[in-house]
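Quantities reported herein were computed from a predicted structural model and do not represent experimental measurements. In what follows, chains carry the letters A, B, and so on, assigned in the order in which the sequence lines appear, proteins first and then strands, with residues in each chain numbered from 1.
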There are 2 protein chains.
Amino acid sequence: MNLKTPVAPDNPNQAETRRQLLEAAGEVFAETGFRDATVREICRRANANIAAVNYHFGDKEALYKEVLRYSQQKALQKYPPLLGVAADAPPEKKLRAFVHSLLLRIFDKGPTSWHGKLMSREMIDPTAAMDSVIEERIRPMSEQLWKIVGEILDCPVNDERVRLCSFSVVSQCVFYFHCRVIVSRLFPAQEMDAAYVEKLADHITRFSLAAMKHLPEAKAAKSQSNTTRN
Amino acid sequence: MNLKTPVAPDNPNQAETRRQLLEAAGEVFAETGFRDATVREICRRANANIAAVNYHFGDKEALYKEVLRYSQQKALQKYPPLLGVAADAPPEKKLRAFVHSLLLRIFDKGPTSWHGKLMSREMIDPTAAMDSVIEERIRPMSEQLWKIVGEILDCPVNDERVRLCSFSVVSQCVFYFHCRVIVSRLFPAQEMDAAYVEKLADHITRFSLAAMKHLPEAKAAKSQSNTTRN
DNA sequence: TGACATGTCAAACAAATGTTTGAATTATTT
DNA sequence: AAATAATTCAAACATTTGTTTGACATGTCA
């Protein structure tokens, strides 16, 4: 029911209202989450009538799906995963670019800044829209990273150490948007500007490279893993 | 039906209903978040009347604050930050214990399992209740970690490298509850059992120790250009 | 026992909010 | 220009939900 097929895109008014609704919805969804976001607030910011969401998107949830897709596409277009580093560059350089682009997407202050928050929310309460995001965006990016880490560790990409180390790299990046609240309360004076993002990218890359190049079992490939803990 | 067996002589009914409300609320808040959680559902699971929340806690938000405090206290009591490692143990050993206890709190399957999800939600939408949690629980734990990392790096605890490396350690742990959705979709076959938690703790500790002991600037103690804040 | 405090209950209230409706307005086509 | 389609608008609708209310039940203590 309520299947509103998107009509002719050559209509300036419709296209404009749709776009403004998407932008406003991105802001509001990011600020308050899906449930707390009200279509009244979205329409108010978009200078649109209360009924506009239902007219243009069907219902609130369909609007949300569009927003999620829109923000992902925009963020990846602005900061591609390897930032233009050549495919045959040394893996250390590619790792640095991967880390930096991920941080840039997270800390972006511009009109795509809600991308990070939207993704955070999806992590906790994945909606149906998350499925396609994972398969179309996240899995390809993961595989890209596995290749890089595999080169550095000198392992096949399906080795368990590649997976663990890749997680270690990514986790240090995403930490700063999942835990931004805590970071900024523990260090209220710390500004999150472009210079700081550079510094973070440097640290994460150096930290991870040092770890991977000196991991006790990294090169030795001794896979008995008897965890003599404690 | 539902015969109330006589319990403690002091204030049996009130204490019992309160406790059941707390447990049920913890479940529901963790599953659906503060806003989506309904008082009706909480009371239904607690076998309590719809008015019980307001009678015992005042309103829904006060109940939430109690739940947050309750879950924090329970989780930290079950898995203390250093798991009983002696205060004069070598820092490597303390780091391992810190990482392991953090992972245990995150992966706990028992009745305190909602602790992780509640904290995740607070990260994105911090409520007023988060203030006290940060000051009373998180800051002390952070300072504990800074000391350990400072020992390993051989730096003063307020050095910027201590902060960055501590974040690198913590981030690898909390990654697994913020991004559990993605991890389990990328690797659906991977079980998150106790053995896996051990393996993770090993990896994170080894990875971080290798990094910190081989960081290009770790031992160099080049003491210029450091933010001299607090 | 009888009075009083405490806790529980079903019902109702009040506010918020997603959605629908039908008229009014604007754009496009004939 | 007239007719038709598309879009906007204010108002109303229907549902959900946190909270309140006043009656009823239960336990305590003089």
Side-chain angles (χ1 to χ4, degrees), chain A residues 1-29 31-67 125 127-129, chain B residues 1-29 31-67 125 127-129:
Chain A
M1 58 211 65
N2 207 347
L3 250 285
K4 194 97 200 153
T5 60
V7 211
D10 49 50
N11 184 323
N13 284 342
Q14 185 199 31
E16 179 60 12
T17 306
R18 260 186 76 100
R19 198 190 56 78
Q20 284 189 335
L21 281 173
L22 274 176
E23 296 281 345
E27 279 182 26
V28 179
F29 282 139
E31 284 173 15
T32 65
F34 176 77
R35 189 48 176 358
D36 276 354
T38 71
V39 305
R40 280 172 174 79
E41 175 65 12
I42 291 170
C43 292
R44 194 188 62 74
R45 294 199 198 181
N47 289 319
N49 183 266
I50 303 289
V53 164
N54 299 90
Y55 179 78
H56 287 279
F57 296 92
D59 61 8
K60 185 184 172 186
E61 193 175 340
L63 168 63
Y64 179 76
K65 283 181 189 162
E66 286 289 326
V67 166
D125 294 314
T127 68
Chain B
M1 63 212 50
N2 199 351
L3 312 182
K4 289 258 197 281
T5 61
V7 225
D10 229 347
N11 225 343
N13 285 344
Q14 185 199 25
E16 178 61 10
T17 304
R18 259 186 77 99
R19 198 191 55 79
Q20 285 189 335
L21 281 174
L22 275 176
E23 296 280 346
E27 279 183 27
V28 178
F29 282 140
E31 284 172 16
T32 65
F34 176 77
R35 189 46 160 42
D36 276 354
T38 71
V39 174
R40 282 170 172 80
E41 174 65 12
I42 291 169
C43 291
R44 194 187 61 75
R45 295 201 199 180
N47 289 319
N49 181 265
I50 188 71
V53 164
N54 298 89
Y55 179 79
H56 287 279
F57 296 92
D59 60 8
K60 184 184 173 186
E61 192 174 341
L63 168 62
Y64 179 76
K65 282 181 190 162
E66 286 289 325
V67 165
D125 295 316
T127 67

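- Contact detail for A/Arg35 and B/Asp36: the closest heavy-atom pair is CG-OD1, 2.6 Å.
- What separates CD of B/Gln20 from P of C/dG7 is a distance of 15 Å, to the nearest Å.
- One interatomic measurement links the two molecules: CZ of A/Phe57 to C1' of C/dT20, which rounds to 18 Å at whole-angstrom precision.
- For DNA chain C, the neighbouring residues in residues 40-50 of chain A, judged by any heavy atom under 4.0 Å, are A/Arg40, A/Ile50.
- A/Tyr55 has its OH atom 15 Å from the C1' atom of C/dA23, to the nearest Å.
- Within the structure, salt bridge (Lys or Arg N to Asp or Glu O under 4.0 Å) pairs that include any residue of residues 42-57 of chain B comprise B/Glu27-B/Arg45, B/Glu31-B/Arg45, B/Glu41-B/Arg44, B/Glu41-B/Arg45 (at least two apart or interchain).
- Closest to the side chain of A/His56, from the set D/dT8, C/dT8, D/dT19, is D/dT8.
- If you take CG on A/Leu22 and CG on A/Leu63, they are separated by 6.5 Å, rounding to the nearest 0.5 Å.
- As judged by a 4.0 angstrom heavy-atom cut-off over every strand, B/Ala51 is placed among the base-contacting residues.
- Using the six-membered ring where Trp is involved, B/Phe29 and B/Phe34 have ring planes that are parallel, under 30° apart on the 30 and 60° scheme.
- Residues that satisfy the salt bridge (charged side-chain N to carboxylate O under 4.0 Å, His left out) test with B/Asp59, not counting sequence neighbours, are absent from this structure.
- Close to D/dT16, at under 4.0 Å from its OP1 or OP2, lies no side-chain N or O of B/Arg35.
- As a whole-Å value, the separation of B/Lys60 NZ from C/dA15 P is 18 Å.
- Nearest to the side chain of A/Asn54, among D/dT19, C/dT8, C/dT20, sits C/dT20.
- Contact record, A/Val67 with A/Ala25: CG2-CB, 3.7 Å, taken as the closest heavy-atom pair.
- In this model, the phosphate group of D/dT8 is approached by a side-chain N or O of A/Thr17 to a distance below 4.0 Å at OP1 or OP2.
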